[in-house]
**Student:** 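Would you mind keeping the following structure in view while I ask a few things?
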Amino acid sequence: MTAAGQPRAVIRTPYWFPQSFFSRTLWLVLIVVLFSKALTLVYLMMNEDVLVDRQYSHGAALTLRAYWAASEEERDELARAAGLKRVTRDAVPASEQHWPYSEIFERQMQAELGPDTEVRLRAQSPPALWVHAPELGPDWVRIPLYPHPLRGQRIWSVLGWFLGIGLLSTAAAWIFVRQLNAPLKRLVFAARQIGQGRSVRLPVSDTPSEMAEVYRAFNQMAEDVERGARERELMLAGVSHDLRTPLTRLRLSLELMSNDSELTEDMVRDIEDMDAILDQFLAFIRDGRDERVEELDLSELVREVVAPYNQQEERVRLCLEPLPPFPLRRVSMKRLLANLIENALRYGGGGGGGGGGVEVAAFLAGDNAAPYVVLSVLDRGQGIDPAELQDIFNPFIRGDRARGGKGTGLGLAIVKRIAAQHGGSVELRNRSGGGLEARVCLPLGLMLPRDAV
């Protein structure tokens with residue numbers, strides 16, 4: 001099942017495809033190694049100069065041995081036939097460097113003609129080779145050099161091939177890492193969906209064997225969490241039903257009593273408070289996770305919630321900017337707004353008819369990459385002790401020491417849970433000049449930015 005509860009098409013991997021991370025890693029590494037070896041072989045076959053150099057150095061060495069072993073008359077004839085020319089040391093130009101080929105060629109000539117052999121090489125026009133072999137003769141001999149053996153024998157060619165091999169190996173490694181991270185990203189996304197109260201199951205048929213076990217454990221955990229929530233809701237609903245029946249009878253009996261004393265009125269108020277407490281417990285347990293998500297205009301939803309408070313007079317002032325519709329749970333968001341407004345009116349000095357200090361604001365924040373909506377409920381009450389701000393959202397914790405009042409301590413806990421179901425967060429801030437701001441941040445995308453405060 002997908003996050004939205006819709007069935008998904010299952011794509012099964014072929015039976016011959018590796019089913020574990022170890023086998024997939026081994027398979028990809030083997031392909032990369034074989035591919036790099038094949039590219040190296042292609043390079044050597046296309047650049048036969050590496051093989052020709054060895055043959056050319058051996059042929060040049062044989063020519064020099066024949067030249068110095070011949071008599072003076074035969075040397076002139078051999079020089080004309082082979083294009084050889086004796087030169088003095090001063091007439092020998094500086095050698096060109098074609099790393100690493102120049103050093104390799106020089107070592108090959110020294111192995112052929114002796115360790116004291118000196119070699120100078122020029123591949124540019126006119127290409128030639130100058131060799132001084134003390135073991136054969138005293139002079140330098142210029143040997144004509146055909147351009148083909150050293151044509152393209154530059155380090156840039158080798159580096160280009162190895163760079164290409166490296167890029168292809170990196171691409172293969174990137175594919176492997178992406179395959180490795182995909183199941184983990186899916187698990188992270190599913191965990192966030194569970195945290196937002198949605199029913200999620202992960203497929204185990206198209207994942208590696210190691211992650212399949214993790215997915216099975218996650219699915220089992222999700223089923224246990226949902227079963228526990230259903231049992232808890234059923235238990236509390238039963239308790240609420242069993243308690244409300246005698247409370248209703250008790251209230252009816254008190255109203256039928258002829259004695260209209262102050263004690264009777266206090267008892268009726270106590271019964272109403274008990275009934276309100278039961279409603280808060282039910283609202284906390286039934287946190288709206290089963291409610292349908294729909295595209296809503298938050299500004300219109302705010303006006304709908306605030307309208308009953310402003311029927312007689314303006315007790316709540318609105319400051320709303322145009323907002324794009326985004327996925328919301330209508331009933332849950334109305335409960336969140338109502339809880340924050342009730343707190344602001346009760347503790348912010350707006351409950352006695354002389355309000356005007358309570359304000360609801362909504363605006364768009366963040367950048368184009370990660371926009372989010374800020375919903376603030378502000379009052380001008382006494383505020384809350386900064387030491388209590390971190391714990392105020394826990395169930396049964398109230399800020400009465402700072403602001404006074406009655407309640408179960410579940411209102412802000414419900415607000416926090418509803419905000420988390422929408423991927424958002426809630427924060428309380430003391431305002432300069434007195435009062436409190438309850439700020440709710442709701443993402444327009446998948447996640448809320450870290451700086452959304």
Side-chain angles (χ1 to χ4, degrees), residues 3-5 192-193 195-198 283-284 286-311 314-346 348 350 355-380 392-393 410-429 431 435-453:
R192 288 178 178 151
Q193 297 295 310
Q196 295 178 9
R198 300 176 183 176
F284 182 72
R286 296 171 181 172
D287 50 10
R289 68 179 60 201
D290 297 329
E291 185 182 351
R292 184 170 59 92
V293 178
E294 52 186 321
E295 295 281 336
L296 297 175
D297 187 343
L298 183 60
S299 299
E300 291 298 327
L301 200 63
V302 172
R303 293 187 182 95
E304 183 180 340
V305 174
V306 171
Y309 299 101
N310 292 338
Q311 287 182 351
E314 187 183 45
R315 303 173 63 195
V316 180
R317 187 159 51 92
L318 296 179
C319 183
L320 307 176
E321 295 182 1
L323 299 174
F326 63 103
L328 294 172
R329 293 177 169 91
R330 175 183 292 273
V331 177
S332 298
M333 286 304 301
K334 292 178 69 174
R335 181 180 298 129
L336 178 147
L337 276 166
N339 284 351
L340 293 179
I341 293 174
E342 288 288 348
N343 283 345
L345 291 173
R346 183 181 300 118
V358 176
E359 178 183 343
V360 178
F363 57 90
L364 194 64
D367 52 17
N368 295 330
Y372 61 95
V373 172
V374 177
L375 176 65
S376 294
V377 179
L378 308 98
D379 63 61
R380 282 300 181 184
I392 196 66
F393 290 101
L410 290 176
L412 290 178
I414 294 173
V415 169
K416 182 179 180 181
R417 179 174 291 186
I418 294 174
Q421 287 176 1
H422 291 80
S425 64
V426 60
E427 181 188 18
L428 294 183
R429 298 178 174 183
R431 302 176 65 189
L436 191 73
E437 176 188 2
R439 172 171 290 200
V440 180
C441 298
L442 302 172
L444 291 180
L446 293 177
M447 294 180 60
L448 193 66
R450 293 184 178 180
D451 58 350
V453 294

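Hydrogens, waters and symmetry mates are skipped; everything else that's a heavy atom, side chains included, is used.
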**Student:** Drop me the distance from Arg315's CZ to Leu345's CG, to the nearest 0.5 angstrom.
**Tutor:** 4.5 Å

**Student:** Would you give the length of the straight line joining atom CD of Glu342 to atom CG of Leu337, rounded to the nearest 0.5 angstrom?
**Tutor:**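 The CG atom of Leu337 is 11.5 Å from CD of Glu342, to the nearest 0.5 Å.
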
**Student:** Which value, rounded to the nearest 0.5 Å, describes the distance between Leu323 atom CG and Leu296 atom CG?
**Tutor:**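 Nearest 0.5 Å value for the CG-CG distance: 12.0 Å.
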
**Student:** On a heavy-atom basis, which atom in Pro443 and which in Tyr372 lie closest, and how many Å separate them?
**Tutor:** CA-CB, 3.9 Å

**Student:** Got a donor-acceptor contact below 3.5 angstrom from the Asp379 side chain to the Val358 backbone?
**Tutor:**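 No, Asp379 side chain to Val358 backbone: no donor-acceptor pair under 3.5 Å.
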
**Student:** Give, for atom CD of Gln421 and atom CG of Leu328, the distance between the pair rounded to the nearest 0.5 Å.
**Tutor:**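 Atom-to-atom, Gln421:CD and Leu328:CG are 12.0 Å apart.
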
**Student:** About how many Å separate CG of Leu378 and CZ of Arg429, when rounded to the nearest 0.5 Å?
**Tutor:** 10.0 Å

**Student:** Does Pro325 have any side chain to side chain contact (heavy atoms under 4.5 Å, CB included) partners at least two apart in sequence or in another chain, and if so, which?
**Tutor:**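 Scan of Pro325 (side chain to side chain contact (heavy atoms under 4.5 Å, CB included), adjacent residues dropped) gives Glu295.
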
**Student:** Could you check if a side-chain atom of Val373 sits within less than 4.5 angstrom of a side-chain atom of Leu364, using non-hydrogen atoms only?
**Tutor:** yes

**Student:** Knowing that exactly one of Val374, Leu340, Val377 qualifies, which makes a side-chain contact (heavy atoms from CB on, under 4.5 Å) with Arg439?
**Tutor:**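 Result: among Val374, Leu340, Val377, Val374 is the only option passing the side-chain contact (heavy atoms from CB on, under 4.5 Å) with Arg439.
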
**Student:** Could you work out, with salt bridge (charged side-chain N to carboxylate O under 4.0 Å, His left out) as the rule, every residue matching Arg431, not counting sequence neighbours?
**Tutor:**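 None.
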
**Student:** What's the shortest heavy-atom distance between Val293 and Pro327, and which atoms?
**Tutor:** CG1-CB, 3.4 Å

**Student:** Nearest 0.5 Å, what's the CG-CZ distance between Leu442 and Phe326?
**Tutor:** 5.0 Å

**Student:** With Asp297, which residues qualify under side chain to side chain contact (heavy atoms under 4.5 Å, CB included), at least two apart?
**Tutor:**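 Testing Asp297 for side chain to side chain contact (heavy atoms under 4.5 Å, CB included), a comparison that skips the adjacent residues, returns Ser299, Glu300.
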
**Student:** For Glu304, what residues pass the salt bridge (charged side-chain N to carboxylate O under 4.0 Å, His left out) criterion, not counting sequence neighbours?
**Tutor:** Arg330, Lys334

**Student:** Within the structure provided, determine whether Leu375 and Leu336 are in side-chain contact (heavy-atom separation under 4.5 Å).
**Tutor:** yes

**Student:** Of Leu412, Val415, Leu428, which is the lone residue that meets side-chain contact (heavy atoms from CB on, under 4.5 Å) with Asn343?
**Tutor:**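 Of the listed options, the one satisfying the test is Leu412.
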
**Student:** Might you work through the side-chain contact (heavy atoms from CB on, under 4.5 Å) test for His422 and Val440, ending with a clear yes or no?
**Tutor:** CA-CA 11 Å; His422 291 80; Val440 180; over 6 Å; no

